[in-house]
Amino acid sequence: KEEMARELTLEQGKPYTAEAIPDLEETAENFRIAAEDVKRMETAIIPSQDVDKRILTFRKPNGVYAGITPWNFPTLIPVELIAPGIAAGNTIVMKPSEWTPIAMATFMQAMADAGLPPGVVNVVYGGGEVGERLITDENVDCVGFVGSHVTAEKIVRAAGLKRTLIEASGNGPVIVCADADLERAAKGAVFGGFFCAGQVCCATERVLVDSRVHDEFMDAVVAAAQEWKLGDPFDDDTLVGPMNNEPTARKMDAHLEDALEKGASVVAGGSRDPDRPTRLYYQPTIVDGVGTDTLINREETFGPIVPVLTVGDDDEALRVANDSHLGLQAAVYTSSLKRAFRFLDHLRVGNVVVNDSTDYW
């Protein structure tokens, strides 16, 4: 575990103690979960319109899965495909991100050392061209993908009638209602914004705060953010390490610049940190006064940022939250059960978390 976590920190940048070790522990746990879950994969006996007959259903493996996974959780996301895939009897060909190939190589060796039969889980390395070859290969029956929505759309089109399991980009709105526990909401928003340097599909990408509690909430956010130290990912007290790659850091630059040009203001952070081993150390950033016309609001920033938009009431919060093509996961903070269920019913996302971070999965 320690050896794999060290490699994970070196390659991906996430803090060793706070993130890399827990990532590896959860990776192992996901194999145990899949082994238990597959024992309970019940099948239906369906009544027939013919009273003398019963229709029995059976679950069988789909065949060969191609798995294409990103660089932000290079063991944890692959295991979400590998563990249930092999538990159900499939074989798998993984293509890891070209930004984090070492984690997958070590992962493959660990599975081989554990006695997994040859050919059950396989790996190929490369970029988009390799992924396209894999998806369209006639020997691949199904495709599992986690990554950007742009790539996801291309994959679904290329896969055609093959089964697909897709998790694409998020633009996670956190809604802070007037009756929210503001300290809890602030801590959740900061966790969702800064965990894994904000490089999480269900990160806190934007915070929609009721104007009646805006100032108090901002005070709580600034206080919560002070606990998130940027630094050497091998230091035990570091909670924010470097970003993984330059293209993602450049997107953070562009989104911040766009927001500031359109009237937003930086409350904390706001730039890359100087005098670091690389230019990928980005200061944990809080931005207030973000407009709905900004890239931060409309796209996935994927960096260590907590952007705050002010809304007048619940109706406006719903409108702004739903005005997005990236509906993955949202969070709402409220002390009202009725209000919580209204957001559960009307937010157009896959999951809604009540009174906890969007990063709770």
Side-chain angles (χ1 to χ4, degrees), residues 169-177 180 182-183 185-230 239-243 248-274 279-312 316-317 319-321 323-324 326 329-333 357-359:
S169 306
N171 191 15
V174 174
I175 297 169
V176 182
C177 299
L182 297 181
E183 184 177 351
K187 287 182 177 179
V190 167
F191 183 93
F194 297 160
F195 181 77
C196 197
Q199 301 164 129
V200 183
C201 304
C202 53
T204 296
E205 291 283 345
R206 53 208 176 113
V207 184
L208 315 181
V209 182
D210 192 296
S211 58
R212 289 165 286 184
V213 294
H214 169 272
D215 293 349
E216 190 179 348
F217 174 77
M218 290 303 299
D219 290 342
V221 165
V222 171
Q226 291 172 355
E227 300 176 14
W228 287 76
K229 179 194 170 188
L230 173 70
L239 291 182
V240 184
M243 298 182 71
T248 306
R250 277 202 304 269
K251 184 166 69 164
M252 175 88 166
D253 289 334
H255 283 202
L256 259 176
E257 182 180 352
D258 173 74
L260 297 179
E261 286 176 355
K262 293 173 179 173
S265 60
V266 171
V267 176
S271 66
R272 305 187 192 216
D273 212 42
R279 295 192 67 247
L280 297 176
Y281 286 78
Y282 221 109
Q283 296 169 354
T285 297
I286 302 169
V287 185
D288 195 14
V290 175
T292 55
D293 60 339
T294 59
L295 292 172
I296 283 177
N297 178 59
R298 306 203 67 80
E299 301 293 339
E300 182 182 49
T301 302
F302 226 59
I305 186 169
V306 178
V308 178
L309 293 79
T310 304
V311 294
E316 186 179 358
R319 282 198 304 273
V320 174
D323 186 20
S324 173
L326 304 174
Q329 184 149 295
V332 56
Y333 286 85
S357 167
T358 52
D359 266 356

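We're numbering straight along the sequence, starting at 1. Just so we're clear, the structure is a prediction, and the values are computed from it rather than from any experiment.
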Distance in Å, L256 CG paired with S271 OG, rounded so as to fall on 0.5 Å steps: 9.0 Å
Partner set under side-chain hydrogen bond (donor to acceptor under 3.5 Å, both in side chains) for T248, not counting sequence neighbours: N245
Inter-residue atom distance I305.CD1 - T204.OG1, 0.5 Å rounding: 11.5 Å
Cut-off 3.5 Å, no hydrogens considered: what does the side-chain donor-acceptor table look like for residues 261-268, sequence neighbours left out?
{"residue": "K262", "atom": "NZ", "partner": "D258", "partner atom": "OD1", "Å": "2.9"}
{"residue": "K262", "atom": "NZ", "partner": "D293", "partner atom": "O", "Å": "3.1"}

Residue pair E205 / L326, side-chain heavy-atom distance below 4.5 Å: no
L208 side chain reached by L309 side chain, heavy atoms, under 4.5 Å: yes
Interatomic spacing from CE in M243 to CZ in R250 - rounded to 0.5 Å: 11.0 Å
4.5 Å side-chain heavy-atom contact, D253 and R272: yes
CG-CD1 distance between L260 and I296, expressed to the nearest 0.5 angstrom: 7.5 Å
Smallest separation among heavy atoms of A180 and V176, with atom names: CB-CG1, 3.9 Å
P304 and M252, any side-chain heavy atoms less than 4.5 Å apart: yes
Side chain proximity check, E227 to V190, heavy atoms < 4.5 angstrom: no
Smallest separation among heavy atoms of L280 and A249, with atom names: CD2-CB, 3.9 Å
Shortest non-hydrogen separation from T285 to G270 and the atoms involved: OG1-N, 2.9 Å
Donor-acceptor contact present, side-chain R206 to main-chain R298, <3.5 Å: no
Heavy-atom check, side chain of T292 versus side chain of D323, under 4.5 Å: no
Straight-line distance of Q283 CD to F194 CZ, nearest 0.5 Å: 10.5 Å
By ring pair (Phe, Tyr, Trp, His ring centres under 6.0 Å) - contacts of Y282 (at least two apart): none
Contacts table for residues 210-218: side-chain donor-acceptor under 3.5 angstrom, sequence neighbours left out:
{"residue": "D210", "atom": "OD1", "partner": "R212", "partner atom": "N", "Å": "2.9"}
{"residue": "D210", "atom": "OD1", "partner": "R212", "partner atom": "NE", "Å": "2.9"}
{"residue": "D210", "atom": "OD2", "partner": "R212", "partner atom": "NH2", "Å": "2.7"}
{"residue": "H214", "atom": "NE2", "partner": "D288", "partner atom": "OD1", "Å": "2.9"}
{"residue": "H214", "atom": "NE2", "partner": "D288", "partner atom": "OD2", "Å": "2.9"}

Nearest non-hydrogen partners of F302 and C201, listed with the distance: CE1-N, 3.8 Å
Over all atoms of both residues, closest heavy-atom pair of T358 and P173: CG2-O, 4.0 Å
Which residues share a side-chain hydrogen bond (donor to acceptor under 3.5 Å, both in side chains) with T301, sequence neighbours left out: H255
CD (E183) with more than 12 external heavy atoms under 6.0 Å: no
All side-chain hydrogen bond (donor to acceptor under 3.5 Å, both in side chains) counterparts of E300, not counting sequence neighbours: S169
Heavy-atom closest contact (V207 atom, A189 atom, distance): CG2-CB, 4.1 Å
Check: S357 main-chain N/O paired with Y333 side-chain donor or acceptor under 3.5 Å: yes
Within-4.5 Å side-chain heavy-atom neighbours: V320 and N297: yes
